[in-house]
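Letters A, B, ... are given to chains in the order of the sequence lines, protein chains preceding strands, and every chain is numbered from 1. What you see is a predicted model, and the numbers here were worked out from it, not measured in a lab.
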Amino acid sequence: MPAHLEIIGARKAFRTPEGGTMTALDGISLKLASAEFLTLLGPSGCGKTTLLRTISGFETLDDGDIVIDGVAVTQMPAHKRPVNTVFQRYALFNHMSVARNVGYALEIAGKSKREITARVGEMLELVGLSGMGKRSVSQLSGGQQQRVALARALAGKPKLLLLDEPLSALDKNLRQKMQQELKSIQRELGIGFVFVTHDQEEALTMSDRIAVLAHGRIQQIDAPSVLYQRPANLFTADFLGESNLLPVTLDGMSAHLADGQSFEVARPSGKATLLLRPEALAVTPPAGPSLSFSGRITQTYYSGKDHQIALDTGQLGPLTALIRTGGTPPEIGATVTLHAPAHGLHLIDETAA
Amino acid sequence: MSLARRKFLQLLGLLGGPTLFLLVFFFGPLLIMVVYSFLTPGLYGGVDWIFSHLNYGRILGWADTRYEKFDPVFLSIFGRSLRLAALTVITSLLISYPAAFWISRMTPGRRDFAIFLVTLPFFVSLIVRLFAWVLILRPTGFLNQGLMGVGLTAQPIEFLYTDFAVILGMTYVFIPFMFLPLYGSIEKLDIAQIEASADLGATRFQTFRKVVLPATMPGIIGGAIITFIPALGNFIVPSVLGGAKVLMIGNLIEQQFLSARNWPFGSALAMLVMTAVLVLLVVQLRLARHGEH
């Protein structure tokens, strides 16, 4: 099956007000299967929004191609592209009713009144706003405006929906609810979603695949679990979730930590970095071979279901761990030994940028 | 003293003065004008306290006495004033709209400077600026010399003392009045709405018609009204650039008060202008209310 969306070697640079140039996209290539939920994740300024805007047609590429359903749209103006966007601050038309907002694409396409009314009703039902068509946009809450923006973007049956940090303005509970709804709407419609966010939790919960962007390049593009457990490079490891990164020396058969502990790993000799997620560390030692880290607790944060503690191990530097709360809460200044199983550990090669 | 009573006295103390001031100095003169417009002109200016409806009759058609006769010229001058004021509104709108759009998209520093430039003419006397236009437009002025210099015309063109000169002058004078409210509504327009419209398939023209124009309509209406009202009653521009040929209602009123010394008739003419403006405002309010629903 041909890729739904294909981006080939996309490059884009902006001129800065100071007269220099800023490379927003530095050779990005990716493919999106139809009905796939892809998230572009990265810190601000990484190029994720620029990439989205080149797909929608608001920015033109300096170099490279964008192909949707086998048709190159690189030179196509925004209004002719078969994609629609949900904007960050919704960009609803304030002077129009909810229904006219939702039906705008159809009105522009010259559809009949009956057809528009039917489709608008369908869309409002999909986003849970049935019967609100006559309201003015300004009478709606933030969450409702978000839904109108979604319905408006979907009404014209785009081949691809682009979402530019659409949930960032909502409070946490509403955001989580919308995340689930977006996901189920995407499954129901079976069209591709390209979702831009800087919120990693959001990216992990919603996406089929996540493309981690930094400095205008894709650092890694993978399923959320792969990205989290087996990051390809230090940037992804560090950016996604909390991580303890410990340098190790490889001798071909095992890896050695700076404090002398070692574990078996079949890798060519050299240097690498061991990724230890905070939740991999536990107070009780696991069955089988394990690594252990002793140190003084320097900070504790209580999050409800567990304690996050900062540990000063001395030789290995600071470590972060998540400890299930059950017994006595950890105290600052106390000495504690934490353990991690010594198998299935993820190593990041030094060469990976 | 009860709390309500004390609050009332506080309010009275705060608002009483300004209210009284407005009543005396704003409505007072207006009232005098209304009363004068129904009196008989005195022989040497001023008024005789004898009721007369003939001031209006001279304008609107029923006066037919020896001294007070109906003359259609008054209505035709009023008609011309309406026409020139309307054309002034249209030309200032056509100039201000793209300018406001352009300026609203500038970087903040340049934007402030551009707005300063728009309001700059306010700092120079209106009369001086209008006489500068006389220098430009007169037969031996810059414009005609330039046109003859490049051979576009052999004879000087009569720019001065035409409708054209008056519209040009009034547009020049009133552009800031049109620009500022327009700018207010155009600056508020979210550029993302324009992108959203394009994203949903609209061409630039469709976006303008369905999104940009309706969203900036309050500014257009506001600018049109505060341009139209002073343009309608203006007498300085037509007297400098229109001369005796392009008389507007403002000139006529001025003449009645200063040269003809017919205060009642001048008052009646002023009432006519005020009625036209009030009708316009009512229509605008109705339209605005209609637009909300």
Less than 3.5 Å apart, which donor and acceptor atoms pair up between the side chains of residues 12-25 of chain A and the rest of the protein, not counting sequence neighbours?
from  : atom 1 : to    : atom 2 : distance (Å)
A:K12 : NZ     : A:T60 : O      : 2.9
A:T16 : OG1    : A:G20 : N      : 3.0
A:T16 : OG1    : A:G20 : O      : 3.2

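Only the side chain of A:E107 comes within less than 4.5 Å of a heavy atom of chain B; its backbone N, CA, C and O stay farther away. For chain B, the nearby parts of A:F93 are the backbone and the side chain; heavy atoms of each come within less than 4.5 Å. Residue A:R152 touches chain B through both its backbone and its side chain, counting heavy-atom pairs closer than 4.5 Å. With a threshold of 4.5 angstrom between heavy atoms, A:A153 approaches chain B through N, CA, C or O but not through any side-chain atom. Both the backbone and the side chain of B:S197 come within contact range of chain A, each with at least one heavy atom under 4.5 Å from a heavy atom of that chain. For A:L92, the part lying near chain B is the backbone, with the side chain staying farther off; criterion is any non-hydrogen pair under 4.5 Å.
Side chains of A:V148 and A:V127 form no contact here, defined as non-hydrogen atoms less than 4.5 Å apart. Counting only heavy atoms from C-beta outward, the side chains of A:L213 and A:I28 approach each other to under 4.5 Å.
The aromatic rings of B:F179 and B:Y183 sit parallel, their planes meeting at an angle under 30°, below the 60° perpendicular limit.
In terms of modelled atom types and a separation under 3.5 Å, the side chain of B:Q193 and the main chain of B:D190 share no donor-acceptor contact.
Between B:Y172 and B:S92, the side chains place no donor N or O within less than 3.5 Å of an acceptor N or O (distance only, hydrogens not considered). No side-chain donor-acceptor contact under 3.5 Å links A:H79 and B:D199.
Between B:P98 and B:L94, the closest heavy-atom pair is CD-O, 3.1 Å.
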For a side chain to side chain donor-acceptor pair (under 3.5 Å) check, start with the C-alpha distance between B:T171 and B:T91, then their side-chain angles and the critical distance, and finish with the verdict.
CA-CA 7 Å; B:T171 303; B:T91 47; 2.8 Å; yes
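Within residues 186-198 of chain A, no residue has any heavy atom closer than 4.5 Å to a heavy atom of chain B.
Residue with the most contacts toward chain A among B:Q206, B:K210, B:R204, B:M217: B:K210 (heavy-atom pairs, distance under 4.5 Å).
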